[in-house]
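Here's the structure, in structure tokens; my notes come after.
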Amino acid sequence: MELSGKKVAILADNMYQEMEIWYPLYRLREAGAEVVVVAAKAGETYSSKLGYPVAANVSYEDVKAADFDGVVVPGGFAPDIIRRYAKANQFVKDLDSQGKLVASICHGAWVLCSAMGMLKGRRATCFFAIKDDLINAGAAYEDAEVVVDKNLVTSRKPDDLPTFCRAAIEVLKKQ
């Protein structure tokens with residue numbers, strides 16, 4: 001399998017967008033990656049915007065970038081909660097600093113905006129309503145299905161998921 005031996009975190013919190021967690025989770029597993037759901041509390045169940053549950057495998061307190069090959073930050077309203085955790089922001093920043101996959105879709109870019117300057121001088125996209133946040137964080141915004149800037153993969157909305165996942169897998173394969 002193309003991603004055998006790779007380990008990817010998916011961040012979660014309440015009010016996540018269902019497809020933006022589950023589609024990448026299953027697609028990455030299908031490609032052979034170990035996928036771990038990371039949230040504020042290990043063992044806690046978090047509900048999507050429509051109430052669909054996801055259980056966290058591990059907490060932000062217990063993850064280290066050195067143990068992962070990448071992270072996926074889904075959208076919905078969850079990213080506005082996730083970015084309130086300094087350890088979550090640090091985890092994303094550390095993965096980026098190590099040149100590992102950082103992938104966000106839709107409102108997931110809110111976490112990137114809070115990850116201590118990681119967007120400065122980078123090309124990225126997001127859901128159009130938070131475009132100004134991305135720009136104010138230093139990114140060059142592009143309205144595109146997917147934008148790949150080295151290890152950074154960003155997309156706008158659930159319709160972009162097939163292209164988003166293909167791009168994330170390509171970045172992981174090159175690491």
Test item: [X] and [Y] side chains (from C-beta on) under 4.5 Å apart, heavy atoms:
X    : Y    : value
W110 : L134 : no
V171 : V148 : yes
V37  : L25  : yes
L152 : L112 : yes
V36  : V38  : yes
Y23  : C165 : yes
C113 : L119 : yes

Any idea which heavy atoms bring [X] and [Y] closest together, and the distance?
X    : Y    : answer
C106 : I130 : O-CD1, 3.8 Å
P53  : T45  : CB-CG2, 3.4 Å
D160 : S155 : CB-CB, 3.8 Å
G108 : V73  : O-CG1, 3.5 Å
Y46  : A39  : CE1-CB, 3.3 Å

With sequence neighbours excluded, residues passing salt bridge (Lys or Arg N to Asp or Glu O under 4.0 Å) with [X]:
X    : result
D69  : none
E30  : R27
K150 : none
D96  : R122

To the closest 0.5 Å, what do you measure between [atom1] ([X]) and [atom2] ([Y])?
X    : Y    : atom1 : atom2 : result
I21  : L11  : CD1   : CG    : 8.5 Å
D132 : C126 : CG    : SG    : 9.0 Å
K93  : M116 : NZ    : CE    : 7.5 Å
M15  : I82  : CE    : CD1   : 12.5 Å
E145 : L161 : CD    : CG    : 10.0 Å
I169 : K174 : CD1   : NZ    : 13.0 Å

Exercise. Would you verify whether the NZ or CZ of K49 falls within 45 degrees of the ring axis of F77 while also being under 6.0 Å from that six-membered ring's centre?
Key: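 Judged by the rule, K49 and F77 form a cation-pi pair.
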
Exercise. Say whether S59 and D62, considering side chains only, have a donor N or O and an acceptor N or O under 3.5 Å apart.
Key: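 There is such a pair between these side chains.
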
Contacts of type ring pair (Phe, Tyr, Trp, His ring centres under 6.0 Å), residue [X], not counting sequence neighbours:
X    : value
Y26  : W22
F68  : F91
Y60  : Y85
F127 : H107

Answer yes if [X] and [Y] sit in the same cluster of Ile, Leu, Val, Met, Phe, Trp and Tyr residues linked by side chain heavy atoms under 4.5 Å apart, and no otherwise.
X    : Y    : answer
V35  : Y52  : yes
I10  : V102 : no
V58  : L95  : yes
V8   : V54  : yes
F164 : V147 : no

Self-check item: Test log, rule side-chain contact (heavy atoms from CB on, under 4.5 Å), inputs V72 and I105
Solution: CA-CA 8 Å; V72 174; I105 186 164; 5.6 Å; no

Quick one: does any side-chain atom of [X] pair with a main-chain N or O of [Y] as donor and acceptor, under 3.5 Å?
X    : Y    : value
Q175 : L101 : yes
T125 : V146 : no
E142 : A124 : no
K6   : L172 : yes
N14  : S47  : yes
S114 : V111 : no
S48  : L50  : yes
D94  : A65  : no

Self-check item: K7 atom NZ: more than 12 heavy-atom contacts under 6.0 Å
Solution: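 Yes, because the 6.0 Å sphere around NZ of K7 holds more than 12 heavy atoms from other groups.
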
Qualifying residues under side chain to side chain donor-acceptor pair (under 3.5 Å), relative to [X], sequence neighbours excluded:
X   : result
E44 : none
R29 : none
Q98 : K100
R83 : D80

Quiz prompt | Pair R156 + D143: basic N to acidic O under 4.0 Å | solution =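 Salt bridge present between R156 and D143.
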
